[in-house]
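Note that the structure is predicted; figures quoted are calculated from it, not measured. Order of listing sets the numbers, starting from 1, for every ligand and every atom in it.
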Amino acid sequence: MSRKPLIAGNWKMNLNHIEAVTLVQKLAWTLDDANFDFDKTEVAVFPPFTDIRSVQSLIEGDKFRIEYGGQDISAHDSGAYTGEISGSFLAKLNAAYVLVGHSERRTYHGETDEVCAAKVQAAYRHEITPVLCVGEGLDIREAGNHVTYTLEQLRGSISGLTAEQAKSLVIAYEPVWAIGTGKVATAEDAQEMAAAIRAELTKLYSADVANQVRVLYGGSVKSSSAPSIMEQADVDGVLVGGASLQADEFAAIARFDA
Ligand SMILES: O=C[C@H](O)COP(=O)(O)O
């Protein structure tokens, strides 16, 4: 079963819509100059909501083969939910992906597994692929409970998901202690969790479903660490934060096998 690698850049709350256009242009040109093979590896960016229309216009206008998505989605489709963004709005902007349950949403906005499960469902209602984020904090890792904890978070966040839906799911394992800290989990840590996630999906669904799900690693990924992470059998991509804000560095991560 061959899963197409996904190199995803989560800009978090960085770059306004003008800066967004500059970055995407530079990224596309850098990859083109390097004869990047978009058939072999997918590249996606997750800009702030206010940037997405500009990013869409640029990508569609210049026929760049870069995908894009939202950093969050409302569990609701419309109504009195001030500040929230409906999946229907993201779909109208041709967003291919949406992040769900990023640790910063879970930590600062109190998103529970139940909320994440509703957001995953909202994404599927609007034919957007969710990139579901899971991962443990430092205390849990140090106590050696990281696999149990992360799998429990996974089960809670995909509750109600059908096998058909699960096949296209993307899961990002992001150990919280490695996010923005410069501490990268080892490639073996990433593989251990990616394999555990796939084994859990086999139990919940089937080996066929589990083999189609893409599992990414995220947490302080740089162009120097990406190749060994991407070599791992169960790791299908990376979710990059800080390093995705520099076109050259993000392009170098996408060219992990160059
Ligand atoms: O979504 C991305 C992750 O939170 C990783 O961020 P980072 O690469 O800045 O550590």
So, applying side-chain hydrogen bond (donor to acceptor under 3.5 Å, both in side chains) with Glu104, which one of His109, Gln71, Lys12 is it?
Lys12

Do the side-chain N and O atoms of Glu111 and His102 include a donor-acceptor pair separated by under 3.5 angstrom?
no

Just to check, does Gly219 reach to within less than 4.0 Å of ligand 1 when the distance is taken from its heavy atoms?
yes

At less than 4.0 angstrom from any non-hydrogen atom of Ser220, what atoms of ligand 1 do you find?
7 (P), 8 (O), 10 (O)

Verdict with reasoning, Lys4 to Asp236, per salt bridge (Lys or Arg N to Asp or Glu O under 4.0 Å):
CA-CA 7 Å; Lys4 191 171 178 176; Asp236 308 308; over 6 Å; no

Before signing off on this row, confirm whether Gly242 and ligand 1 have an N or O atom pair separated by under 3.5 Å.
yes

Can you report which non-hydrogen protein atom sits closest to atom 6 (O) of ligand 1, along with the distance?
Lys12 NZ, 3.2 Å

Please determine if Glu104 has a nitrogen or oxygen closer than 3.5 Å to a nitrogen or oxygen of ligand 1.
no

Donor-acceptor side-chain pairing of Glu142 and Trp177 below 3.5 angstrom:
no

Is the closest basic N to carboxylate O distance between Arg155 and Glu200 below 4.0 Å?
yes

Among all protein heavy atoms, pick out the one at the shortest distance from atom 3 (C) of ligand 1; state its residue, atom name and that distance to 0.1 Å.
Glu174 OE2, 2.9 Å

Restricting to heavy atoms, the pick from Gly241, Gly180, Ser244, Pro175 nearest atom 10 (O) of ligand 1 would be Gly180

Evaluate side-chain contact (heavy atoms from CB on, under 4.5 Å) for Leu6 paired with Val170, printing each intermediate quantity in order.
CA-CA 9 Å; Leu6 172 60; Val170 178; 4.1 Å; yes

Does any N or O atom in Asn10 lie less than 3.5 angstrom from one in ligand 1, N or O only?
yes

Which of the atoms in ligand 1, numbered in the order shown and given with their element, are less than 4.0 Å from a heavy-atom of Ala178?
10 (O)

If you count every heavy atom of other residues, nucleotides or ligands that lies below 6.0 Å from Glu114 atom CD, does the total exceed 12?
no

